[in-house]
Enquirer: 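First the structure, then my questions, so here it is.
Values below: every heavy atom of this structure, side chains too, minus hydrogens, waters and symmetry copies. Just so you know, residue 1 is the first one in the sequence shown, and it goes up from there.
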Amino acid sequence: MKSEKNSNQRIAPIQSVERAIWILKCFEQHEYLSLSEIVKLIGLHKSTIYGLVSTLEAYQLIEKDPVSGKYHLGIELFRLGSKVNIDLRSIVSPYLNLLVSKYEETANCLIFDKDSIIYLDKKESPHSMRIATSLGQREPLYRTAAGKAILSRLPSDMAEELLERTVFEKMTEHTLCSAQAVQKELDSIRKNGYAVDNEELETGLVCVGTALIDSSGIPVGGISVSGPVTRMTPEYRQKIAKDLVSYALEIQEKL
């Protein structure tokens, strides 16, 4: 960063905005930075950096760890990143069609927004018995398969923070109703690459989902397949999950 500043060749017409961008770019190589470390990297006076950091923090573009006192990239960057998806629906739509054709269950595309997922697209099962979710429906991360998969791909401190401020609602007897209960599942979700909603949103409904990651490693949404528990046997779920993970990797290459 010093070399950019000292070159006297500014890129942006507004100096304060350019300096704020320098601060954000410091975190490309560092997950956590103290104020003094940011000052050293940027090469500007501490009071100048403090004002910029405070502004970025106010808008949740960076956040301060209450224990270490160091800064890290904030949740608002993840939310904004979810909007830059190069027409996610058109990219994902052919894969949803493949999933419905192969498994005859409802396939969904969801986007990550703040602490929730929103149903962006869905292809209905040909069966008369199918799920009742609708386009534009918002659900908290903790009670959907794709939502839990997204949580598993967030930095651990960010996932923890999201869960700590979540107000849990018991939808069924299987709903995970605490941050601790969700956290217990995240390690296995990371290992397997997919998550399962086992009648946690709706009694009798099972869903298998995985996260969609953009080129910068940020989860922007997810894809899932949902169906009644009578048809979504453990063996069937594993077959679906294998394809979901494979398709998600292909989609990632196009984002």
Side-chain angles (χ1 to χ4, degrees), residues 75-83 85 88-89 92 95-96 99 105-122 131-172 174-214 217-227 229 232 237 240-241 244-245 247-248 251-252 255:
I75 186 63
E76 185 65 8
L77 281 178
F78 282 81
R79 189 188 73 81
L80 291 172
S82 71
K83 304 297 184 183
N85 53 47
L88 183 63
R89 181 182 294 178
V92 174
Y95 294 96
L96 300 186
L99 288 164
E105 300 296 350
T106 300
N108 312 285
C109 173
L110 317 100
I111 57 170
F112 174 33
D113 184 64
K114 297 182 180 177
D115 55 358
S116 308
I117 54 92
I118 300 172
Y119 287 85
L120 179 67
D121 195 9
K122 64 184 294 190
I131 67 171
T133 54
S134 57
L135 296 183
Q137 181 173 331
R138 181 185 291 269
E139 292 291 342
L141 297 171
Y142 71 91
R143 64 186 185 214
T144 67
K148 290 189 290 184
I150 289 168
L151 276 170
S152 76
R153 298 300 299 269
L154 291 173
S156 57
D157 59 329
M158 188 169 290
E160 184 177 347
E161 182 184 341
L162 276 172
L163 289 172
E164 284 178 355
R165 65 170 185 256
T166 295
V167 178
F168 291 88
E169 181 182 3
K170 191 172 183 66
M171 305 297 288
T172 76
H174 302 287
T175 306
L176 302 178
C177 284
S178 70
Q180 293 75 19
V182 179
Q183 287 281 10
K184 284 182 180 179
E185 285 199 7
L186 294 187
D187 283 342
S188 62
I189 294 171
R190 292 186 189 102
K191 179 180 178 181
N192 296 328
Y194 67 91
V196 177
D197 156 17
N198 192 13
E199 299 185 79
E200 295 158 43
L201 176 62
E202 182 181 333
T203 300
L205 173 69
V206 172
C207 185
V208 183
T210 191
L212 295 176
I213 311 299
D214 71 8
I218 296 174
V220 296
I223 51 174
S224 64
V225 172
S226 307
V229 65
M232 296 285 282
R237 296 178 209 172
I240 293 170
L244 284 172
V245 172
Y247 292 163
I251 293 167
Q252 181 175 339
L255 295 177

Enquirer: Just by distance, do the side chain of Lys148 and the backbone of Val182 share a donor-acceptor pair under 3.5 Å?
Expert: no

Enquirer: Any heavy-atom pair between the side chains of Tyr142 and Asp115 that's under 4.5 Å?
Expert: no

Enquirer: For residues Val92 and Leu120, determine if any side-chain heavy atom of one lies less than 4.5 Å from a side-chain heavy atom of the other.
Expert: no

Enquirer: Residues two or more places apart in sequence or in another chain: which of them pass salt bridge (Lys or Arg N to Asp or Glu O under 4.0 Å) with Glu160?
Expert: none

Enquirer: Under a 4.5 Å cut-off applied to non-hydrogen side-chain atoms, are Leu141 and Phe112 in contact?
Expert: yes

Enquirer: Got Leu110 and Glu139 here, is their nearest side-chain heavy-atom distance under 4.5 Å?
Expert: no

Enquirer: Taking all non-hydrogen atoms of both residues into account, name the closest pair between Ala145 and Ala195 and its distance.
Expert: O-CB, 3.2 Å

Enquirer: Looking at residues at least two apart in the chain, or sitting in another chain, which of them share a side-chain contact (heavy atoms from CB on, under 4.5 Å) with Asp121?
Expert: Arg89, Ser93, Leu96, Cys109, Lys123

Enquirer: Please report the interatomic distance CZ(Arg190) to CD(Glu185), rounded to the nearest 0.5 Å.
Expert: 11.5 Å

Enquirer: Is there side-chain contact between Met232 and Ile240, with at least one heavy-atom pair below 4.5 Å?
Expert: yes

Enquirer: Just how far is it from atom CD1 of Ile117 to atom CG of Leu151, taken to the nearest 0.5 Å?
Expert: 11.0 Å

Enquirer: Looking at Ala181 and Ser178, what are the two nearest heavy atoms and their distance?
Expert: N-OG, 3.0 Å

Enquirer: Report yes or no: do Asn108 and Ser224 form a side-chain donor-acceptor pair below 3.5 Å?
Expert: yes

Enquirer: What residues form a side-chain contact (heavy atoms from CB on, under 4.5 Å) with Ser116, not counting sequence neighbours?
Expert: Arg138

Enquirer: Side chains of Ile223 and Thr210: closer than 4.5 Å at any heavy-atom pair?
Expert: yes

Enquirer: Find the distance between CG (Leu201) and OG1 (Thr144) and round it off to the nearest 0.5 Å.
Expert: 7.5 Å

Enquirer: Run the salt bridge (Lys or Arg N to Asp or Glu O under 4.0 Å) test against Glu169 and tell me which residues pass, sequence neighbours left out.
Expert: Arg143

Enquirer: What's the separation between atom NE2 in His174 and atom OG1 in Thr203, rounded to the nearest 0.5 Å?
Expert: 6.5 Å

Enquirer: Write down the atom of Ser226, the atom of Glu105, and the distance for their closest heavy-atom approach.
Expert: O-CB, 3.4 Å

Enquirer: Which heavy atom in Ala149 sits nearest to a heavy atom in Ala211, and how many Å separate them?
Expert: CB-N, 3.6 Å

Enquirer: Could you give the distance from OG (Ser156) to CD (Gln183), rounded to the nearest 0.5 Å?
Expert: 8.0 Å

Enquirer: Checking Ser188 now: which residues fulfil side-chain contact (heavy atoms from CB on, under 4.5 Å) with it, not counting sequence neighbours?
Expert: Asn192

Enquirer: Can you establish whether the number of heavy atoms outside Lys184 located under 6.0 Å from its atom NZ is more than 12?
Expert: no

Enquirer: Spell out, as yes or no, whether a donor-acceptor pair under 3.5 Å connects the side chain of Thr172 to the backbone of Glu199.
Expert: yes

Enquirer: Check the pair Tyr247, Leu212 against side chain to side chain contact (heavy atoms under 4.5 Å, CB included), reporting the backbone distance first and the verdict last.
Expert: CA-CA 9 Å; Tyr247 292 163; Leu212 295 176; over 6 Å; no

Enquirer: Between Arg237 and Asn198, is any pair of side-chain heavy atoms under 4.5 Å apart?
Expert: yes

Enquirer: Are the side chains of Leu77 and Ile218 in touch, meaning some heavy atoms are under 4.5 Å apart?
Expert: no

Enquirer: Which heavy-atom pair separates Gly193 from Val245 by the least distance, and what is that distance?
Expert: O-CG2, 3.6 Å

Enquirer: Apply salt bridge (Lys or Arg N to Asp or Glu O under 4.0 Å) to Glu161 and list each qualifying residue two or more places apart in sequence or on a separate chain.
Expert: Arg165

Enquirer: CG of Leu176 to CD of Glu200: how many Å apart, nearest 0.5 Å?
Expert: 4.5 Å

